Amino acid sequence: MKKTANNTQIITGNYAVALAAKLSRVQVVAAYPITPQSPATETLSQFVEKGELDAEYVRVESEHSALAVCIAASTVGARTFTATSANGLAYMCEQLHWAAGARLPIVLACANRAMGAPWNVLNDQQDSISQRDTGWIQIYARNSQEILDSIIQAYRIAEKLYVPAMVCYDGYILSHTVMPVEVPRQEQVDRFLPPYKPHTVLDPSTPQNLNLVTLANPRRDARGVMCHGYMELRYLLQEALENSLETVVEVDREFGDVFGRSYGGTHWGYRLEDATLILMAMGSVATEATVAVDQLRQRGHRAGLLALRVYRPFPKQDVISATKRAELIVVFDKNISYGYEGATCSDLKAALYGNSIQVPVHNYIVGLGGRDVKARELADAAERSLRWAEEGRPQKEVEWLNCHI
Amino acid sequence: MTESVLSLPDKEYMLPGNRTCAGCSLGIAYRHILKALGESTIVTVPASCLTVLHGMYPITSVNIPCMNVTFPSTAAAAAGLVAGLKAIGKKGITVVGFAGDGGTHDIGIQALSGAAERNTDFIYICYDNEAYMNTGGQRSSSTPLGATTTTTPVLGKAQHQKDMPAIMAAHRVPYVATASSSYPLDLYEKVKKARDIMGTRFLYISTPCPPGWLFPPKDTVKIGRLAVETGMVVLYEIENGGFRLTGASERLAAKGSLRPVREYIELQGRFRHITKDQIEELQRWVDSRWEEYLARQTPRPPDYSTLQN
């Protein structure tokens with residue numbers, strides 16, 4: 001890792017979020033308090049009130065309105081930011097769809113938290129996973145440094161493709177724990193992240209009616225030019241999301257050139273080169289899984305970790321290449337698609353299907369509602385799966401780790 | 001003071017032809033509102049009859065900048081426009097949120113109350129056709145007592161209308177006014193006045209709906225006038241807390257009498273199931289409200305404009 005001029009601060013994930021928004025020179029911030037996101041937006045309001053960040057801070061009465069403010073401000077050409085968690089993100093749901101459909105490069109930080117009922121303020125990833133089909137890019141950070149850097153990267157990615165981006169970080173585990181973070185200098189960030197150039201600016205000098213009712217089929221405008229129907233607009237959003245894989249990698253590489261840190265683009269691996277037993281995870285549980293990999297190696301297994309950094313778009317090709325040598329893949333999901341299995345497990349299997357990779361995939365649901373999960377427990381689970389596969393038994397059912405039922 | 005329709009600005013922001021129903025009053029109101037606002041305006045609209053009036057992509061019936069937004073978020077979107085324009089340094093643009101009674105009294109009230117409490121510098125206009133007319137005429141909290149709707153089809157609505165202007169006045173915003181599409185000059189004056197005030201300004205406009213209220217399209221203006229003449233709709237403004245009846249309602253107050261509510265309701269099919277008791281109750285409601293308004297014609301209280309952003 002390249003050394004840059006050192007400005008290391010010992011900060012929480014939430015503070016890293018606020019610093020990243022400030023360094024990205026966001027112009028409009030709108031947020032509503034929710035645990036465990038609150039300290040991030042409190043810090044941002046401090047930056048604004050102290051004059052350290054030249055932005056409009058709208059203290060809205062709900063998350064739904066928070067994203068409404070960002071949507072509107074982005075439409076007139078401002079760089080916007082919001083942050084939330086759990087039920088707050090769910091309350092934004094229709095606005096998430098709207099932001100993506102309107103092709104607005106809003107960046108949102110999501111401190112991942114379990115969904116109620118019952119109330120639970122602790123961590124899992126059910127909130128953001130539930131919003132995966134809204135047309136947002138989703139990046140999952142593994143530590144506070146990556147939170148800060150990913151938010152800056154997210155603006156570059158989002159504003160290039162006109163797609164909103166969500167940076168997800170595990171509530172409490174990352175949001176409230178302190179760790180050393182190298183804070184980039186403003187001039188460096190300014191060089192990396194130029195001012196926002198909107199694709200369309202709503203302005204009285206050029207009256208336009210944005211996002212009015214759009215029919216299923218293409219339709220001619222007043223001059224006779226054929227314009228897209230609703231389905232074409234959806235295709236273009238899908239195309240942008242698919243293309244964003246390449247942009248994510250490019251931006252991460254460029255970030256590395258400027259700041260000396262990069263994150264593997266769409267995914268990262270640990271001791272993956274010769275691994276035949278591959279663990280897959282996302283966010284802070286992936287960090288935990290690196291320790292599990294070391295323990296499994298000590299126990300004589302050729303274990304490695306594949307960590308997803310970007311969940312949407314799903315890095316299908318990267319996942320296929322990373323698992324080519326696998327004899328068994330063990331997926332740890334901090335979410336559950338009720339009635340089926342963990343969401344990342346389904347996506348992994350779909351990617352492998354039809355690519356001549358016939359490998360057992362076992363799924364463990366872990367850490368829901370803040371249930372602790374230790375590296376040793378991950379390693380033990382992987383070993384259990386290994387035995388299962390060696391005994392030639394049929395596909396193992398989804399197992400809930402540390403669940404006392 | 002504009003003397004007559006002849007002295008209104010010539011420029012039209014509503015283009016010829018739109019998709020509203022025959023006899024729709026929204027077009028009358030909207031045309032005069034846009035003339036009063038002028039071209040340095042951005043409008044934001046949720047799902048509503050105004051969306052229908054605006055047309056379908058890629059053709060629109062208006063030449064003003066407009067941002068369509070989700071149903072509950074009109075006022076929050078307006079707040080976002082205001083914040084965004086300020087952040088990028090664009091000045092002198094009037095931001096207007098424009099929604100129906102469902103989008104205001106019901107699903108939009110949270111965002112509206114929030115924006116008003118923050119005294120966001122924008123105009124909110126609610127046009128009231130007294131039900132979810134764009135979705136087929138379902139009951140809203142602004143549907144009057146005794147009116148049948150597609151979700152109160154047999155018995156009619158059992159409650160009175162929510163008094164939205166009073167709720168907005170309780171937010172102590174600098175300007176609240178009511179108007180009617182049947183009195184376009186009164187409406188024009190109020191929008192023009194609102195345009196030049198800072199902070200949150202709330203306008204409520206009664207807009208009769210022929211297919212929803214079940215009267216012939218030719219009677220739109222007549223029904224709107226009868227609403228005012230019977231006191232079902234009262235025209236007033238509350239400027240920095242000072243209440244004043246205006247236009248036709250001011251003249252009625254001077255004359256000393258309203259017409260009976262029965263004359264208004266018997267011309268509309270939506271009241272076909274109303275009971276004798278309900279008519280009496282509606283008359284009592286109108287009378288007591290009217291007495292309250294007459295009693296409120298007081299000297300102007302303190303100027304709230306000093307508390308603006």
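Lettering follows sequence order; numbering is per chain, from 1. Keep in mind that this is a model prediction, so the values were computed, not measured.
For the set B:I59, B:T44, B:V52, the count of heavy-atom pairs under 4.5 angstrom toward chain A peaks at B:I59. Annotation: maximal heavy-atom pairing with chain B below 4.5 Å, among A:H64, A:R220, A:Q27, A:H228, occurs at A:H64. Counting heavy-atom pairs under 4.5 Å between each of B:G55, B:A47, B:A78 and chain A puts B:G55 at the top. Ranked by non-hydrogen atom pairs under 4.5 Å with chain B, the options A:L202, A:T214, A:L67 are led by A:L202. Contact count versus chain B (heavy atoms, under 4.5 Å) is highest, among A:D54, A:D203, A:I71, A:T75, for A:D203.
The shortest side-chain heavy-atom distance between A:P204 and B:T41 does not fall under the 4.5 Å cut-off.
In this structure, the portion of A:V201 lying under 4.5 Å from any heavy atom of chain B is its side chain and not its backbone. Interface remark: B:V62 contributes side-chain atoms only to the contact with chain A (heavy atom separation under 4.5 Å). In this structure, the portion of A:V58 lying under 4.5 Å from any heavy atom of chain B is its side chain and not its backbone. For chain A, the nearby part of B:E39 is the backbone; its heavy atoms alone come within less than 4.5 Å. For A:Q208, the part sitting under 4.5 Å from any heavy atom of chain B is the backbone (N, CA, C, O) and nothing else. B:L81 touches chain A through backbone and side chain together, each having a heavy atom under 4.5 Å away.
With rounding to the nearest 0.5 angstrom, the CZ atom of A:R59 is 10.0 Å from the CZ atom of B:R118. If you take OG on A:S74 and CE on B:M67, they are separated by 10.0 Å, rounding to the nearest 0.5 Å. For the atom pair B:N68 CG and A:W98 CH2, the distance stands at 6.0 Å (nearest 0.5 Å). If you take OH on B:Y57 and CG on A:L233, they are separated by 6.5 Å, rounding to the nearest 0.5 Å.
The minimum heavy-atom distance linking A:A73 with B:G84 is given by the pair CB-CA, 3.8 Å. Closest heavy-atom contact between A:P207 and B:P65: CB-N, 3.7 Å. Nearest heavy atoms, B:G114 versus A:E61: CA-OE1, 3.8 Å. Residues B:A87 and A:A78 approach most closely at CB-CB, 4.5 Å, considering heavy atoms.
Checked options B:T60, B:N63, B:T51; the residue passing with A:N209 is B:T60 (criterion: side chain to side chain donor-acceptor pair (under 3.5 Å)).
Under 3.5 Å, the side chains of B:T70 and A:Q95 contain a donor-acceptor pair of N or O atoms.
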Applying side-chain hydrogen bond (donor to acceptor under 3.5 Å, both in side chains), run through A:S62 and B:Q110 and close with a yes or a no. CA-CA 8 Å; A:S62 72; B:Q110 174 180 307; 3.1 Å; yes
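More than 12 non-hydrogen atoms from other residues, nucleotides or ligands lie less than 6.0 angstrom from NZ of B:K35. Counting heavy atoms of neighbouring residues, nucleotides and ligands inside a 6.0 Å radius, atom NZ of B:K91 does not exceed 12 of them. Around atom CZ of B:F71, more than 12 heavy atoms belonging to other residues, nucleotides or ligands sit under 6.0 Å away.
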